[in-house]
Each structure stands twice: as structure tokens, then as C-alpha cells.
Chemist: 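Starting off with a structure, shown below.
Just so you know, ligand 1 is whichever comes first in the structure, and atom 1 is the first atom listed for that ligand.
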Amino acid sequence: MYELRYFDNAATTVMSESSLRTYQEVASAYIGNPSALHQKGLEAKAYLQQNRARVASLLQIGEGQLIFTSGATEANAIVLESLIWRQQKGHVILSAIEHPSVSEFARLLKHLGWSVSFLNAPGGFIRCEDLQKALTKQTRLVSLMLVNNVVGSIQDIRSLVRTVREFEKQAGGRHIHFHTDATQALGKIRFSLSELGVDSAAFSAHKFHGPRGVGMLYNANPALENLSRAGDQEGGLRGGTENLAGIAAMTTALEEAYASLDRNLGQVGEINAYLRERLGSFTILSPSQSCSPYILNLSVKPLPSEVFTRMLYDRGFCVSSGSACSNNAKQKGEGVLTAMHYHSELAKSSLRLSFSNDTTLSDAEALADAIISLYQEHA
Ligand code: PMP
């Protein structure tokens, strides 16, 4: 038996001990529903708001701009579904490298009579000139991710937002909602929501050692409406009883991630640089500049990703082929890589290695040895 070594942190991370402890403590200490008017409800409500204030202060946003959700999928959905309320159908711009929780809305929106443009991202990057060409007077929403989950490329969201704002001025001033899926960025790389200038952003706790099934939406657009207000929690943008223990555990994980962000970046950066060097004979699909060090994607051409992933697992390594979500829906990760203009032969053989502050250099050495020896044996 091999010791298990985990290199799939972009799919999910292990909950930190303190996040897990917070979860257990809060789940047993706060028994009331935050909407209830008795003392236990009021205590839960006050604690919920205290968590909101702590997270809002880390993100440097207003407390009213923070909506707790069940994850990034739901946060993305709240924004995209809001379009369904519009009286007139319009136009939406997405990138062709979005996570399925964004890109799959294209089907629904087209079905409802909207038009959707997809922007390619050559080498991993969405270009301002392509966005500029795609904008029309009918464009109502632009959704472009901050860090790509397949290769780690960091988009220049600030310039992309500026392109939209300049277009708005020329086109008569109608506001276009700019959403970013920042799931792979939060707690890992530094960014400022106000500097990016986005109207909304989606986040997920389980990517930064918090629990699965909890996330957040940042929303600065007062006109955003949910498909259903349901029970009116979270300012009417996300109905349903709040997952207080999960939210508190996320707050703990986020505070920890922020406190050690630079140290973690340094450690993960070293591991990434080591693997880039050791695996330098393979084609590296992650860009060398403007890329999150937490993700390294490479091609083991001509061996198929699924086969290589399984062989690595047999040696005790968890890695992902393309992206975890694409493992269920065939070809999606490949679609993202071809939208980055990588040849389909490279895309079919892509391996995604993803790291966390738990990853050690000796794990990375063992992984590099295994990749090199498996490749020599089978290619
Ligand atoms: N967006 C991106 C970029 C992601 O990587 C993920 C997680 N795979 C999601 C959205 C979905 O997040 P969640 O699991 O919280 O719904």
C-alpha cells in the first residue's frame, strides 16, 4: 500500500482543524433559527450578523453586500437567474472557460430567448479587445471568472470591467452587470473587490479549508433580484434557513487563510516552481505569468488523462484530469482547454495538480518521480 498524497485541492480542500472545531461548537451552541423571534433565535441572528461583519471586513465590503449561500454554484446561479425577471430578453457575454455552474446557464438563457456570446481565452486569458467586440446595446450581463479552475490563469478583471464601463458611456449609459466567479481566488491570491470594480462575485468555503456546502455572493447591485425571495433571508437574495455552523466554520477558515496568505503563497509557489522544473519535459498548460501557483496543469500526451489519473491513484496520488467537474461531464475540461487554443491532443492528456498549504515539497518530489516513471513505462 502506498501512502495517500492529495493533489486535488482545486476540487476541494481538507477542512482545517479550527474550522471543524468551530463547526462543532456552533452547531451545538446555537440551537435557534436566526429568523425566530425568541431568545435562541435572536442569539443565532446576532451571531450570524457577527460572522457577516467579520467576513465583510476581510473582503473590505459592506455587510449588506454579503449574502451567504450554499456554495459558489448557488452564488453564480443567483446572478444568472436574476435575468429571467427582465421584461425584455437581451444579450449575455460569458467566457468559454467558465466553470459549468456559469456556462450551463447559456442553455437556459438561449431557451428563454436570450442571446449568449462566448469569449475564447487564448493561452488562458480573456482579451479586452474580444470583449469590446462582443458588447452590444442589448448586453445586460458579463460574467468572467477571476482564476480559472482548470489551468489557474488569473484574468485581468479590472481592465475587462473598464472595457465594459467605457462601452456603457458610449452606448447611452445603461449599466451592464459584471459578475466574476472568484471561487479559485479567495483565500489564495490577493485581490480587492472594489479595485476590480465588479458588481458581484461568487465564493466557496471548501476551496480554502472550510466546509463543503457553504459559500458567498458579494453583490453591489441593488437592482439584483433573485428568482424567488423564498423566506426572505439574506436580504431576499437567498431564502432558506441559514447554515450557521457552516457559515461560522467558513469565517474561521477565511480568517486563517487571510492571516497566512503570503506565507502560503510562498510555500505553494516553491512547490509549483519545483514541479515546473522537474516536469519541464512535459507541455505545461498553465501559463507562466499571471497564474495562480495553486494550480499546475500539464499534458502527458499521448496518454489519456483518465488512464494516467488512475495509474497515479494506484500509486497513492489524488490528481484530477482537467477539472473535477469535468470528470462527470465528459469533454468539458477539454472544451475549456480548446477554448484556450490548446490542441485537442494536449487537452485529452491534461492532468491538473492542485496544491494547498498542507502540500509538502517531499510530496511534490514523490509526485514528480511517479509521473516521470509512469510516463516512461507507458508512453
Ligand atoms: N466555480 C469554480 C471556478 C469552481 O472551481 C467551483 C468548484 N469546482 C465552483 C464554481 C462550484 O463551487 P461549489 O462547489 O461551492 O458549488
Chemist: Could E256 and R21 be called an ion pair, given the rule that one side-chain N must be under 4.0 Å from one carboxylate O?
Modeler: no

Chemist: Hey, is the main chain of S350 close enough, under 3.5 Å, to the side chain of S305 for a donor-acceptor pair?
Modeler: yes

Chemist: Distance under 4.0 Å to a non-hydrogen atom of S101: what atoms of ligand 1 satisfy this?
Modeler: 10 (C)

Chemist: Using modelled atom types and a 3.5 Å cut-off, is there a donor and acceptor pairing between side-chain atoms of T180 and backbone atoms of L144?
Modeler: yes

Chemist: Any idea which atoms of ligand 1 are less than 4.0 Å away from a heavy-atom of G71?
Modeler: 15 (O)

Chemist: Taking E195 first and then R190, would you say they form a salt bridge - that is, a charged N and a carboxylate O separated by under 4.0 Å?
Modeler: no

Chemist: I want to know if ligand 1 touches K207 in the polar sense, i.e. an N/O pair below 3.5 angstrom.
Modeler: yes

Chemist: Ion pair present between E166 and K169, side-chain N to carboxylate O less than 4.0 angstrom?
Modeler: no

Chemist: Counting only heavy atoms, tell me which of M216, M145, E74, H99 gets closest to atom 9 (C) of ligand 1.
Modeler: H99

Chemist: Is the closest heavy-atom distance from G215 to ligand 1 below 4.0 Å?
Modeler: no

Chemist: So, S153 versus N148: side-chain donor-acceptor pair below 3.5 Å or not?
Modeler: no

Chemist: When you measure from the side chain of N297 to the backbone N and O of V150, does any donor-acceptor pair fall under 3.5 Å?
Modeler: yes

Chemist: For N76 and ligand 1, does the shortest N/O to N/O distance drop below 3.5 Å?
Modeler: no

Chemist: Which atoms from ligand 1 have a heavy atom of H206 less than 4.0 Å away?
Modeler: 13 (P), 14 (O), 15 (O)

Chemist: So is R212 close enough to ligand 1, meaning a heavy atom under 4.0 angstrom away?
Modeler: no

Chemist: Provide the number and element of each atom of ligand 1 under 4.0 Å from a heavy atom of S204.
Modeler: 13 (P), 15 (O)

Chemist: Indicate whether any N or O donor in one side chain lies under 3.5 Å from an N or O acceptor in the other, for T252 and T22.
Modeler: yes

Chemist: Please compare N149, I97, D181 and report which has the shortest non-hydrogen distance to atom 2 (C) of ligand 1.
Modeler: D181

Chemist: Ligand 1 and S70, any nitrogen or oxygen pair closer than 3.5 angstrom?
Modeler: no

Chemist: Would you check whether A72 has a nitrogen or oxygen atom less than 3.5 angstrom from a nitrogen or oxygen atom of ligand 1?
Modeler: yes

